[in-house]
Visitor: 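Handing you this structure, nothing more for now.
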Amino acid sequence: LREMAEEELNFKESMKTITKFIDNLYVFFETGEMKKEHSPFVECYTIVYKLADHKDHASELYEFHKKTMRNHLKDACIKIGDLQSEPLLREYIRQLDNFTILARWLSKVFNYIDRYYLMFNQLDSTSLVSLKTFREVVFTDIRKKLLDALMDEITKHRELEDVNWDTLHKTVETFINVGYKKDVKLKKVGEIFQWTGEKNLQEYDEMFEKTFLSKTKEYYSVKCNDWLQSLNCPEFINIALEKLDMEEQIAEEHMDPKTKSKLKQTLDDVIVEQHAQNVINKEGTGCKEMLKNNKLDELSKMYTLFSRVDSTLKYILLEMGPYIESRGQVVINDEELQKDPVKFTQKLLELKKEMDEIVMNCFNNDPKFNQTRDKSFLNFMNKFSETPQYMAGYCDHLFKSGIKGMSESEIEENLDAVIRLFRCLHNRDIFIKAYTKHQAQRLLNKTSLNTDAEQSMISKLKIESGFNTIQKLSRMFTDMELSKNTMEDFKKKNGGTTEFKGVNINVDILTSGIWPEQNVHPCKLPGELSHCAQKFSLFYKDKHSGRHLSWLYNSCNAIMNTLTFAKTYTLTVSCYQAVILSLFNEHQKLTVGQVKELSGLPEAELTRQLKQLCNPKMKLISKDKPKVPKFTPDEGLEVNPKFKYNLVKVNFIPKTAHKKKDLKKKTDIENQVEEEIKSERALVLDAMIVRIMKARKKERHTELITEVIKQVFLFKPQPQMIKQSIERLIEKEYLERDDNDRQVYIYIP
């Protein structure tokens with residue numbers, strides 16, 4: 001009995017030591033002062049170890065821990081009392097901090113029974129007991145008041161009043177911490193204590209998050225209506241972006257990660273989606289005015305706001321599309337620009353560049369905005385039928401003189417700009433046909449400034465239109481390279497010279513079917529030229545047996561020197577002009593009729609060439625009736641002895657004129673393109689229909705029309721054109737109509 005009494009005495013004395021240690025913590029809670037001694041903790045830990053391990057008082061120690069924690073938390077409830085709002089939060093956090101410190105120290109003191117007794121008996125750890133007791137005694141009773149106080153403080157923050165976010169953060173965290181139910185531990189991370197364990201967010205979800213999202217929606221519903229009434233469009237966007245950033249930052253820093261996504265959805269609905277149309281279309285300050293006044297920063301912010309909800313971007317697109325089309329209509333309806341293909345295309349390129357930069361910089365290169373921009377350009381550009389040919393004319397200008405002085409990167413930038421515009425054309429085949437004719441002239445007349453740039457453009461067109469469509473352009477350059485090699489061989493064959501009877505000859509061999517077809521007018525070459533032509537023909541036929549050469553006189557140029565004037569001039573003339581001028585080497589004066597007979601030129605072509613030679617500005621040939629523009633067969637012609645020119649080099653070949661004085665009058669190239677396009681389109685449609693029907697064997701009329709329109713990409717075929725092709729193929733017995741249904745076509749093998 002004495003031993004039992006002594007043991008009981010020792011247990012009570014030991015618990016007094018632990019109680020004293022706890023009392024010191026209470027003093028710290030009240031005064032903030034605590035002796036930094038490690039020995040009291042070591043002594044308490046040792047007591048617990050001995051009592052639990054040797055004396056088997058583990059269950060009593062466990063109950064002591066529970067009782068101590070419960071009594072402390074009851075006192076905390078009394079101190080919190082009936083406080084409300086911010087004072088409630090302040091006192092709550094003070095008591096929460098005290099509780100956390102107490103729970104931490106007790107978990108360390110009673111660590112031994114945690115590791116052995118409680119684990120062996122499958123009892124809650126001391127940390128979990130502390131947390132459960134806190135939830136039961138304190139949190140459950142005041143959580144509604146805490147939630148109301150939290151919402152009040154968050155509202156103050158939204159109204160730009162100062163709040164203590166450290167207090168709010170700890171309060172929000174409580175709703176998470178009270179949900180820990182397994183593997184609970186209280187760890188010190190830096191200067192703060194942190195609860196860890198298996199999360200159960202039921203309390204957080206049902207109490208805090210649900211209320212927070214509901215109050216947020218309610219608050220911003222009222223605010224947005226006020227903003228719509230009192231603010232213009234940019235102001236609404238600015239304050240909306242500011243509030244959205246603020247709210248998301250709060251959620252990120254002070255709430256569970258999943259709340260941020262739910263908050264974003266709530267805010268996007270109440271601030272962005274519900275008011276998108278009204279904000280974007282605000283009279284005087286909305287999207288339309290931003291585009292009109294080039295308010296790029298405001299457009300960028302508008303996109304940033306409304307891209308949060310993808311469906312709201314349609315309201316910006318509905319403003320952007322008509323705006324681009326209205327700007328484009330101004331360009332294509334400008335009569336002065338319509339007279340100048342180069343300036344016309346430059347204006348389109350400037351507009352395209354401006355819109356590209358807006359889409360890139362303001363709308364983050366969004367595919368929907370790219371699509372709307374291109375569709376708008378397509379709509380207005382194709383209303384002016386000359387657009388494809390004007391663009392080809394601009395390219396011709398670019399390669400002849402426009403790229404002069406540009407760096408390689410600047411050239412590429414200009415070519416890319418043309419290609420971006422090319423993508424918006426319906427009638428791409430017209431552009432390619434006109435481009436081909438211009439390129440042929442540049443190569444034959446040696447007027448291209450940069451072959452590499454030409455090749456780069458061809459590569460870009462291949463990507464857009466396919467190899468088969470563009471292959472002729474590439475073959476032209478191949479022909480020019482082969483021609484150089486052929487002339488080198490010709491020169492070697494003739495002892496290192498290409499000069500015969502005072503005439504130096506250079507020949508370009510063009511593959512038939514690759515180069516644009518030309519209407520060659522017959523003429524009688526003077527002896528010197530005829531001798532050169534025959535000499536080259538014999539050489540070529542000897543080298544390539546079976547090939548036939550046709551001389552394209554209308555594409556030939558000649559350089560002639562004058563010997564009859566006070567000053568020697570170098571004349572650049574066409575082949576036909578050279579034939580005419582050569583006649584005056586042997587005749588002092590000839591009539592128009594005699595020139596026609598001796599040159600062998602048709603009357604129309606002769607008249608055209610004489611107009612250039614008798615041009616009053618240069619007047620190399622004088623005519624008897626200078627004031628009469630027409631040429632009569634009996635009118636006399638002679639070399640003008642008073643011919644003078646400021647320059648030594650004189651060019652009588654008319655330059656390709658891209659400018660137009662009369663919009664109704666088309667250039668030679670434009671007329672040629674129109675004629676060739678009609679026949680080529682008919683062939684394309686015929687081939688397309690045959691290919692489709694060969695694969696399907698049988699097809700209804702409407703489905704066939706739809707499929708043809710879908711597959712043709714170089715131009716936009718009209719249903720009437722397709723119907724004509726179908727009728728043509730029926731006549732040629734490629735197709736026939738079904739006897740039972742006249743709307744169905746059958747392929748005839």
Side-chain angles (χ1 to χ4, degrees), residues 400-401 404 441-449 487 497-508 521 523-533 535-536 551-592 594-601 605-631 635-657 659:
K400 284 181 176 178
S401 59
K404 189 174 183 179
Q441 288 189 353
R442 288 195 301 274
L443 293 178
L444 293 175
N445 297 329
K446 308 295 188 290
T447 54
S448 180
L449 292 178
M487 285 307 298
T497 183
T498 56
E499 186 174 332
F500 309 98
K501 293 188 177 183
V503 177
N504 198 333
I505 185 173
N506 184 64
V507 181
D508 291 324
H521 301 296
C523 70
K524 299 175 184 178
L525 294 178
E528 304 94 324
L529 292 179
S530 179
H531 174 73
C532 291
K535 200 162 186 66
F536 184 83
W551 292 92
L552 305 178
Y553 299 129
N554 56 328
S555 295
C556 296
N557 297 332
I559 297 176
M560 306 178 74
N561 293 325
T562 64
L563 302 173
T564 187
F565 307 118
K567 186 164 65 172
T568 300
Y569 295 97
T570 300
L571 311 179
T572 301
V573 294
S574 68
C575 178
Y576 296 140
Q577 290 170 350
V579 169
I580 295 168
L581 291 173
S582 294
L583 296 175
F584 290 97
N585 282 333
E586 299 175 2
H587 302 85
Q588 185 71 26
K589 189 171 184 178
L590 293 167
T591 64
V592 174
Q594 289 172 327
V595 171
K596 180 177 181 294
E597 183 181 347
L598 292 171
S599 66
L601 286 169
E605 186 61 30
L606 176 63
T607 301
R608 195 166 72 89
Q609 299 300 334
L610 286 175
K611 281 183 179 179
Q612 292 295 324
L613 297 172
C614 298
N615 188 331
K617 292 182 180 179
M618 293 185 280
K619 202 175 182 181
L620 180 61
I621 301 293
S622 298
K623 62 195 295 274
D624 288 348
K625 301 173 184 177
K627 293 184 179 180
V628 180
K630 291 186 177 181
F631 293 89
E635 186 175 10
L637 301 171
E638 63 181 335
V639 175
N640 178 16
K642 297 180 181 180
F643 174 77
K644 279 186 180 181
Y645 200 69
N646 295 331
L647 302 174
V648 173
K649 293 183 178 181
V650 188
N651 188 357
F652 285 90
I653 300 174
K655 294 181 179 179
T656 303
K659 290 187 179 180

Visitor: Which atom names give the shortest non-hydrogen contact between K611 and F631, and what distance separates them?
Guide: CG-CE1, 3.9 Å

Visitor: So that I can tick it off, tell me whether E635 and K623 are bridged by a salt bridge, with the cut-off set at under 4.0 angstrom between side-chain N and carboxylate O.
Guide: yes

Visitor: When you measure from the side chain of S599 to the backbone of V595, do you find a donor-acceptor pair of N or O atoms at a distance under 3.5 Å?
Guide: yes

Visitor: Looking at every non-hydrogen atom in both residues, tell me the closest pair between C523 and L601 and how far apart they are.
Guide: CB-CD2, 3.7 Å

Visitor: Answer yes or no: is there a donor N or O on one side and an acceptor on the other, between the side chain of T562 and the main chain of T564, under 3.5 Å?
Guide: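 Answer holds: no.
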
Visitor: Would S574 and Q609 count as a side-chain hydrogen bond (donor to acceptor under 3.5 Å, both in side chains) here? Give the steps.
Guide: CA-CA 9 Å; S574 68; Q609 299 300 334; 3.2 Å; yes

Visitor: Can you say whether the rings of F536 and W551 are parallel (under 30°), tilted (30 to 60°) or perpendicular (over 60°)?
Guide: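 Judged by the thresholds at 30° and 60°, the geometry between F536 and W551 is perpendicular.
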
Visitor: Do you know which two heavy atoms are closest between V648 and T568, and how far apart they sit?
Guide: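 Heavy atoms only, the tightest pair is CG1-O, 3.6 Å.
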
Visitor: Does V503 form a side chain to side chain contact (heavy atoms under 4.5 Å, CB included) with L529? I'd like the steps, not just the answer.
Guide: CA-CA 7 Å; V503 177; L529 292 179; 3.9 Å; yes

Visitor: With rounding to the nearest 0.5 Å, note down the distance linking CG in D508 to OG in S555.
Guide: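 Rounded to the nearest 0.5 Å, the CG-OG separation comes to 10.0 Å.
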
Visitor: Without swapping roles, check the side chain of Y576 against the backbone of H521 for a donor-acceptor pair under 3.5 Å.
Guide: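 Answer holds: yes.
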
Visitor: I need the minimum non-hydrogen distance between I505 and M487, along with the two atoms involved.
Guide: O-CE, 3.4 Å

Visitor: Rounded to the nearest 0.5 Å, what's the gap from CG on L620 to CG on L581? Could you check?
Guide: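 Result: 5.5 Å between the selected atoms.
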
Visitor: Using 30° and 60° as the class boundaries, would you call the ring planes of F643 and Y569 parallel, tilted or perpendicular?
Guide: perpendicular

Visitor: Flag yes if more than 12 heavy atoms outside E597 fall under 6.0 Å of its CD atom; otherwise flag no.
Guide: no

Visitor: Does the pair I580 and L610 meet the rule for a side chain to side chain contact (heavy atoms under 4.5 Å, CB included), with working shown?
Guide: CA-CA 8 Å; I580 295 168; L610 286 175; 4.2 Å; yes

Visitor: Kindly state each residue pair satisfying side-chain hydrogen bond (donor to acceptor under 3.5 Å, both in side chains) with at least one member in residues 642-654, sequence neighbours excluded.
Guide: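 Of all non-adjacent pairs touching residues 642-654, none passes side-chain hydrogen bond (donor to acceptor under 3.5 Å, both in side chains).
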
Visitor: Backbone N or O of G527 within a donor-acceptor pair of the H531 side chain at under 3.5 Å?
Guide: no

Visitor: Name all pairs fulfilling the salt bridge (charged side-chain N to carboxylate O under 4.0 Å, His left out) condition that reach into residues 563-591, sequence neighbours left out, sorted by first residue then second.
Guide: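 Passing the test, one end in residues 563-591: K589-D624.
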
Visitor: Locate the shortest heavy-atom distance separating L613 from F652; write the atom from each residue and the value.
Guide: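 Nearest heavy atoms, L613 then F652: CD2-CD2, 4.1 Å.
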
Visitor: Ignoring hydrogens, what is the shortest heavy-atom contact between F584 and L590? Give both atom names and the distance.
Guide: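 Taking every non-hydrogen atom into account, CE2-N, 4.2 Å.
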
